[in-house]
There are 2 protein chains.
Amino acid sequence: MPVDKSSYKDKKVMSIGIISELTGLSERKIRYYEERKLIFPERTGKGTRKYSFSDVERLMEIADQIEDGVQTFEIKKELTKRQIRDERNKMIRGQINAQFNMRN
Amino acid sequence: MPVDKSSYKDKKVMSIGIISELTGLSERKIRYYEERKLIFPERTGKGTRKYSFSDVERLMEIADQIEDGVQTFEIKKELTKRQIRDERNKMIRGQINAQFNMRN
DNA sequence: CGTGTAAGGAATTCTGACACG
DNA sequence: CGTGTAAGGAATTCTGACACG
């Protein structure tokens with residue numbers, strides 16, 4: 001039961017130009033949301049940003065919230081909450097697996 | 001029963017640099033295989049090539065064959081055969097659907 | 001606060017060509 | 001035939017800054 005899950009969707013392979021096309025957001029906005037820690041592109045050796053399809057989806061969510069008047073600070077808070085929750089779930093899952101494996 | 005199927009895998013979004021990284025092939029080789037009609041990237045407005053994850057897989061196949069001494073001409077022939085077969089299948093499927101819909 | 005823009009540099013990509021074998 | 005490379009230009013991306021509100 002491999003937990004690969006790193007399918008194409010999460011691979012950081014697109015440069016900011018296509019991301020701008022795909023999301024309809026300006027490059028300025030995209031870079032700004034990164035500055036506010038709402039999105040986390042990778043970097044190539046020489047520093048150009050690389051995004052995944054997941055990032056595209058994430059950007060659409062962010063854009064929707066911004067449009068609704070939500071401030072980046074609020075969006076960030078929500079994101080942090082979600083990350084903490086995910087982190088906790090991962091730990092619990094790990095413990096369950098440990099329990100399970102002990103029985104074998 | 002939508003036939004969308006244009007998931008992330010087939011979206012042409014990567015530039016030749018990442019493709020080179022992902023496949024391990026030189027940009028020269030990648031452009032050459034295109035010249036030989038073995039692969040079909042799209043182009044952005046200003047002419048830079050855009051590839052999909054499917055293209056990455058296709059390039060790996062091509063690389064394997066080249067390594068086995070198969071010439072691009074042969075690879076192209078196989079590709080053409082496959083395309084004809086696919087085309088035929090698509091038509092048949094279309095006819096079956098027509099038959100099916102007539103019954104409703 | 002969120003976003004546009006001009007600025008200058010660095011890195012990317014493109015094409016056509018010469019080279020070798 | 002398949003691929004490397006140097007060449008020159010065009011397009012992309014990057015950062016820090018000024019602007020407006």
With respect to the side chain of [X], which nucleotide from [options] is positioned closest?
X       : options                : value
A:Arg28 : C:dT3, D:dG4, D:dG2    : C:dT3
B:Lys46 : D:dT12, C:dT13, D:dT13 : D:dT12
A:Arg49 : D:dT15, C:dT13, C:dT15 : D:dT15
B:Ile66 : D:dT3, D:dC14, C:dG4   : D:dT3
A:Glu27 : C:dT3, C:dC14, D:dT13  : D:dT13

Task: A:Glu74 bridged to A:Lys77 by N-O distance under 4.0 Å - done: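 A salt bridge is present here (some side-chain N lies under 4.0 Å from a carboxylate O).
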Open item on the list: Could you check whether B:Ser54 and B:Asp10, counting side-chain N and O atoms only, form a donor-acceptor pair closer than 3.5 Å?
Closed with: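 Per modelled atom types, B:Asp10 and B:Ser54 side chains form a pair under 3.5 Å.
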- [ ] Establish, from distance only, whether the side-chain atoms of A:Arg28 and A:Tyr32 form a donor-acceptor pair under 3.5 Å.
- [x]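 There is no such pair (donor and acceptor under 3.5 Å, judged by atom type) between the side chains of A:Arg28 and A:Tyr32.
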- [ ] State the pairing partner of C:dG8; accept Watson-Crick or G-U wobble contacts with both distances under 3.5 Å, and report none otherwise.
- [x]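 Result: D:dC14.
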Task: Any-strand Watson-Crick or G-U partner of C:dA19, both distances under 3.5 Å - done: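 Because both required distances fall under 3.5 Å, C:dA19 counts as paired with D:dT3.
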Using atom [atom1] of [X] as one end and atom [atom2] of [N] as the other, report the distance to the nearest whole Å.
X       : N      : atom1 : atom2 : result
A:Leu38 : C:dT3  : CG    : C1'   : 14 Å
B:Ile75 : D:dG2  : CD1   : P     : 8 Å
B:Lys50 : D:dT12 : NZ    : P     : 9 Å
A:Ile30 : D:dT15 : CD1   : C1'   : 16 Å
A:Leu25 : C:dT3  : CG    : P     : 9 Å
A:Tyr51 : D:dC14 : OH    : P     : 6 Å
A:Gln65 : C:dG2  : CD    : C1'   : 15 Å
B:Ile16 : D:dA10 : CD1   : P     : 20 Å

When you check the phosphate oxygens OP1 and OP2 of [N], does a side-chain N or O of [X] lie under 4.0 Å from one of them?
X       : N     : result
B:Ser26 : D:dG4 : yes
A:Tyr33 : C:dT3 : yes
B:Tyr32 : D:dG2 : yes
B:Arg31 : D:dT5 : no

Open item on the list: Heavy atoms only, 4.0 Å cut-off, all strands: where does B:Ser15 land among base, sugar-phosphate and nothing?
Closed with: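 Touches sugar-phosphate only.
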TODO: Evaluate the side-chain proximity of A:Tyr33 to A:Ile75: yes if any heavy-atom separation is below 4.5 Å, no if none is.
DONE: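 No, too far: nothing below the 4.5 Å cut-off.
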- [ ] Between B:Thr72 and A:Gly17, name the one whose nearest nucleotide on DNA chain D is closer to the 5' end.
- [x]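 Going by which nucleotide is closer to the 5' end, it is B:Thr72.
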Open item on the list: Tell me if the aromatic rings of B:Phe53 and A:Tyr8 count as close, with their centers under 6.0 Å from one another.
Closed with: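 That pair passes the under 6.0 Å test.
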Task: Full working for side chain to side chain contact (heavy atoms under 4.5 Å, CB included) between B:Thr72 and B:Ile66 - done: CA-CA 7 Å; B:Thr72 56; B:Ile66 292 279; 3.9 Å; yes
